Amino acid sequence: MFLAQTMGIDLSWQQQLIMVGVMVLTSKGAVGIASGAFVVLAGTVTAVGHIPLAALSLIVGSDRILNEGRVFIEVLGNAVATIVIGTWEKDLDIDKARSILNSLTAGPPSADTGSTGSDTGSGSGTVPADA
């Protein structure tokens, strides 16, 4: 909408709805790729044809900063959706989740456990079976 307004193009509500629909369908997975949303926007603008492709030059500089926010929101949304669906399906063990999260926030292991932080043995990076 910003690009259309800056170019002086009035879009009907049908054109706006088409743009939103195409963006929703084509943006899946774009957050995982650096500047993926910009590529999706360029493809949508080209495919729909309501806004000239040259208008994208207005937002190329700010897209890098906006990408950081998109990544944060995507990760947060995925985490919340996982918790909501797990709770809805009654498959989320709250006590087990809290114990695992508390063990992760407790900090690095103390020196008396013998762990040097460079352990490459089997099972490193995994959650213990009793957690």
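FYI, the numbering just counts along the sequence from 1. None of these values were measured; they are calculated from a predicted model.
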Should I9 and P52 count as side-chain neighbours, where that means a heavy-atom distance under 4.5 Å?
-> yes

D63: what forms a salt bridge (Lys or Arg N to Asp or Glu O under 4.0 Å) with it, not counting sequence neighbours?
-> R70

Taking every heavy atom of L11 against every heavy atom of A4, the minimum-distance pair comes out as CD1-CB, 3.8 Å

Are F2 and L41 joined in one hydrophobic group, where the rule is that I, L, V, M, F, W and Y side chains link up if heavy atoms are under 4.5 Å apart?
-> yes

Give, for atom CG of L104 and atom OG of S99, the distance between the pair rounded to the nearest 0.5 Å.
-> 9.5 Å

If you measure from CD on Q14 to NE2 on H50, what distance do you get to the nearest 0.5 Å?
-> 9.5 Å

Joint cluster assignment, V39 & V24, ILVMFWY side-chain distance < 4.5 Å | no

Rounded to the nearest 0.5 Å, how far does OG1 of T6 lie from CD1 of I51?
-> 8.0 Å

Indicate if M7 and M1 have the same hydrophobic cluster label, given that clusters are the connected sets of ILVMFWY residues with side-chain heavy-atom separations under 4.5 angstrom.
-> yes

Output the distance between atom CD1 (I59) and atom CZ (F38), rounded to the nearest 0.5 Å.
-> 5.5 Å

After noting the C-alpha distance and the side-chain angles of M23 and V40, does the key distance pass the side chain to side chain contact (heavy atoms under 4.5 Å, CB included) rule?
-> CA-CA 7 Å; M23 289 294 291; V40 169; 4.2 Å; yes

Sequence neighbours excluded - side-chain hydrogen bond (donor to acceptor under 3.5 Å, both in side chains) pairs with any residue from residues 17-26 | none

Same apolar cluster: L17 and V22, side chain cutoff 4.5 Å | no

Please list, chain by chain and in numerical order, all residues satisfying side chain to side chain contact (heavy atoms under 4.5 Å, CB included) with D93, sequence neighbours excluded.
-> D95, K96

Mind running side chain to side chain contact (heavy atoms under 4.5 Å, CB included) on L92 and I94 for me, showing each step along the way?
-> CA-CA 6 Å; L92 178 65; I94 300 288; 3.6 Å; yes

Report yes or no: do V60 and V45 belong to one cluster of Ile/Leu/Val/Met/Phe/Trp/Tyr joined by side chain heavy-atom distances under 4.5 Å?
-> yes

